[in-house]
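Data first, discussion second: the structure below is written as structure tokens.
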2 protein chains.
Amino acid sequence: MENRVYNFNPGPATLPLSVLQTIQEELLNYKGEGLSILEMSHRSKTFDKIVDDAMDAVKKVMGFGDDYTVLFLQGGATAQFAAVPLNLALPGKPALYVNTGSWSKKAIAEAKKLSIEPTVIASSEDQNFNYIPTSFEIDPNASYLHITSNNTIFGTQWQEYPKTGDVPLVADMSSDLYCRRFDPNQFALIYAGAQKNAGPAGVTIVIVRNDLLERSHDDIPTILNYKIFAEKKSLYNTPNCFGIYVVGLVMQWILDQGGIDKVEAVNRKKAELLYQTLDSTDFYRPTARPDSRSIMNVTFRLPNEDLEKQFVAEAAKNGMVGLKGHRSVGGIRASIYNAMPLEGVEALVQFMKEFERKNG
Amino acid sequence: MENRVYNFNPGPATLPLSVLQTIQEELLNYKGEGLSILEMSHRSKTFDKIVDDAMDAVKKVMGFGDDYTVLFLQGGATAQFAAVPLNLALPGKPALYVNTGSWSKKAIAEAKKLSIEPTVIASSEDQNFNYIPTSFEIDPNASYLHITSNNTIFGTQWQEYPKTGDVPLVADMSSDLYCRRFDPNQFALIYAGAQKNAGPAGVTIVIVRNDLLERSHDDIPTILNYKIFAEKKSLYNTPNCFGIYVVGLVMQWILDQGGIDKVEAVNRKKAELLYQTLDSTDFYRPTARPDSRSIMNVTFRLPNEDLEKQFVAEAAKNGMVGLKGHRSVGGIRASIYNAMPLEGVEALVQFMKEFERKNG
């Protein structure tokens, strides 16, 4: 295993070892072409196939149909916080947001900055974002409703997506796309920085329903214009070629695991194991409300901050890294994305029990 | 040599073999940390050092001082076409552009799209962009003057940069940054997609004089805001971590070659060899005016298009790929960036002579 650690970082995050090995093997000479994927023209037939295959797989894994277009963009969720209102907000039709944590807040702030006044229809800020709001009204005249499907910092995740009727549902799925099955047709637009379940940092996956593309005006920065990038199959300009290649490999890895249902089953098992451990003691205190718990980021506290520091340090010594909670909230966070093997979580649970025994 | 070809593609382009080998060696386990650079948190100490070192090297290679800040952004030149006017245009002070080809035109069109009316003070469109204009007036009241330092499609390159006095000089150096020495203090802002001389596609290098940062308003998309990214040392959000890492390796490679002067000397030798070959016969017809020739992209025609097709195909059979001219102009283009070894150009010249002998 090349002395690799169990990497619980929230993103960039652990990738499947077999994917890394493929990258390594192909790095100097991609499939006998005599050059690296890093050196390959984005206008070559070979790269065309890499993009096409990656786009197809992005849709295939979740079952998106022909009425959706995949875009490979740059700039992460931060770029999408601007792109969504710039492309999708219609005059006189409010842009709705649910505020479930730091990333929602950034999305809301960005719309405001760009003079597209956001309407926050629900928020869990009253309880320090430890839950997902479930009761709110959706103005049927809205331009769209934006949600953050998983909140890495607070360890919460939408368990069921809101029914929005004709209002386009837009989701920032940066940290949980491909963790579980959902009905793709609920969504008008999904975006995700790839660096959790789908690849390396530097490539953003956008899946957009084709009718939404007609909203893109000509007066927004080209780099943020969905329609232009859709028309050019994401090759309007030079994309992050390497990142797209890795996304394609990760999608193939999901299919090789048996598809999204198999990956979800393992994810649920990993999360259950951790939450059971947390719930079986008072030493560890999970922070998310049980009905809102994330199966991707499990957040919890120890009796005090000194113990938390010690926990993170000792875990690292035992080959488990990246467990420190986000600096804005403290505590512990175990990010258990798709590529974290069950054995990694078993090792963490073992360590947690041992740590409690010694320090409880 | 792993059966590698000579890669004359205009970008993404050839990279130093030693850099690729380092990436390959470190890919599964970065310096014994037990994880890949592709899996590493952008908030880790290790990555902090990678960014710091890369930023330092980006400045060191060209001699930029403390009054300049390096940004690693995403979105390529296309994003910068928007970012430059959005950040730097001041009310009542014209945004000046020199039009030297397709990329200049895109920069100009993007400013117009964003309602920052560009003033084109010179153009070489009258001669199908086969030269760089040298006589034009610069309004001393201008917000900035934007130039494209090297024109990949037309094979032209500024030989001397314009003297702009107090008007900030902004240059798109995507295809020739690091090909030769220049006085860094001439420039207020330089940007470059990394995928020619500096790394892989997906990371954009911006070098900006610090006083310019004060122009960034709060009402432009965060992802395009120079000031915000400068304040956060390019880590406002998750960057293209891998791309930055590779840029750092390429900068170190330049230093290992003996620095920019040594790299320039090899580049001039390669270009001379090619232009001499072109000038010594009527079979090949260089397209750029001699006083405007690029040392990065050498463009030429053959007696007819059939011969050009044959040339590209036969060269590829002989292990020299990427020689087809841009689809908008046709012909042949040999892109000979830093990482193209002299031997590659010698092999090409040999092939050209042989091809002429057979078909001339």
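All chains are named by letter (A, B, ...) in the order of the sequence lines, taking the proteins before the strands, and each is independently numbered beginning at 1.
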Exercise. Taking atom CH2 of W103(B) as the centre, does the number of heavy atoms from other residues, nucleotides or ligands within less than 6.0 Å exceed 12?
Worked result: no
Exercise. What part of A82(A) is in contact with chain B, defined as an atom under 4.5 angstrom from a non-hydrogen atom: side chain, backbone, both or neither?
Worked result: side chain
Seminar exercise, completed: Distance col, row L28(B):CG vs N3(A):CG, nearest 0.5 angstrom, shows 11.0 Å
Exercise. Between N9(B), I23(B), T222(B), I37(B), which shows the greatest number of heavy-atom pairs under 4.5 Å with chain A?
Worked result: T222(B)
Exercise. Is there a donor-acceptor pair closer than 3.5 Å between any side-chain N or O of N7(B) and the backbone N or O of E39(A)?
Worked result: yes
Problem set entry | Full working for side-chain contact (heavy atoms from CB on, under 4.5 Å) between L38(A) and V19(B) | CA-CA 11 Å; L38(A) 293 166; V19(B) 165; over 6 Å; no
Exercise. If you round to the nearest 0.5 Å, how far is OG of S36(A) from CD of Q24(B)?
Worked result: 9.0 Å
For this session: Could you have a look at S41(B), G202(B), A79(B), G75(B) and say which one has the most heavy-atom pairs with chain A under 4.5 angstrom?
Result: G75(B)
Problem set entry | Part of L224(B) within contact of chain A (heavy atom distance under 4.5 Å) | side chain
For this session: Determine, for R4(B) against E33(A), whether the closest basic-nitrogen to carboxylate-oxygen distance falls under 4.0 angstrom.
Result: no
Problem set entry | Neighbourhood of chain B inside residues 239-250 of chain A, taking heavy atoms under 4.5 Å as contact | P239(A), N240(A), C241(A), F242(A)
For this session: Considering only heavy atoms and a distance below 4.5 Å, find which of H42(B), Q195(B), Q74(B), K112(B) pairs most often with chain A.
Result: Q74(B)
Exercise. Which region of A13(A), side chain (C-beta onward) or backbone (N, CA, C, O), has a non-hydrogen atom less than 4.5 Å from a non-hydrogen atom of chain B, or is it both or neither?
Worked result: backbone
Exercise. Going from CD1 on I223(B) to OG1 on T204(A), what distance comes out if it is rounded to the nearest 0.5 angstrom?
Worked result: 8.0 Å
For this session: Report the distance from atom CD1 of I228(A) to atom OG1 of T78(B), rounding to the nearest 0.5 Å.
Result: 9.5 Å
Exercise. What's the verdict on side-chain contact (heavy atoms from CB on, under 4.5 Å) for D219(A) and L114(B), showing C-alpha distance, side-chain angles and the deciding distance?
Worked result: CA-CA 6 Å; D219(A) 59 351; L114(B) 300 171; over 6 Å; no
For this session: Measure the spacing between CZ of F81(A) and CG of N237(B) and express it to the nearest 0.5 Å.
Result: 8.5 Å
For this session: Find the distance between CG (L35(A)) and CG (L20(B)) and round it off to the nearest 0.5 Å.
Result: 10.0 Å
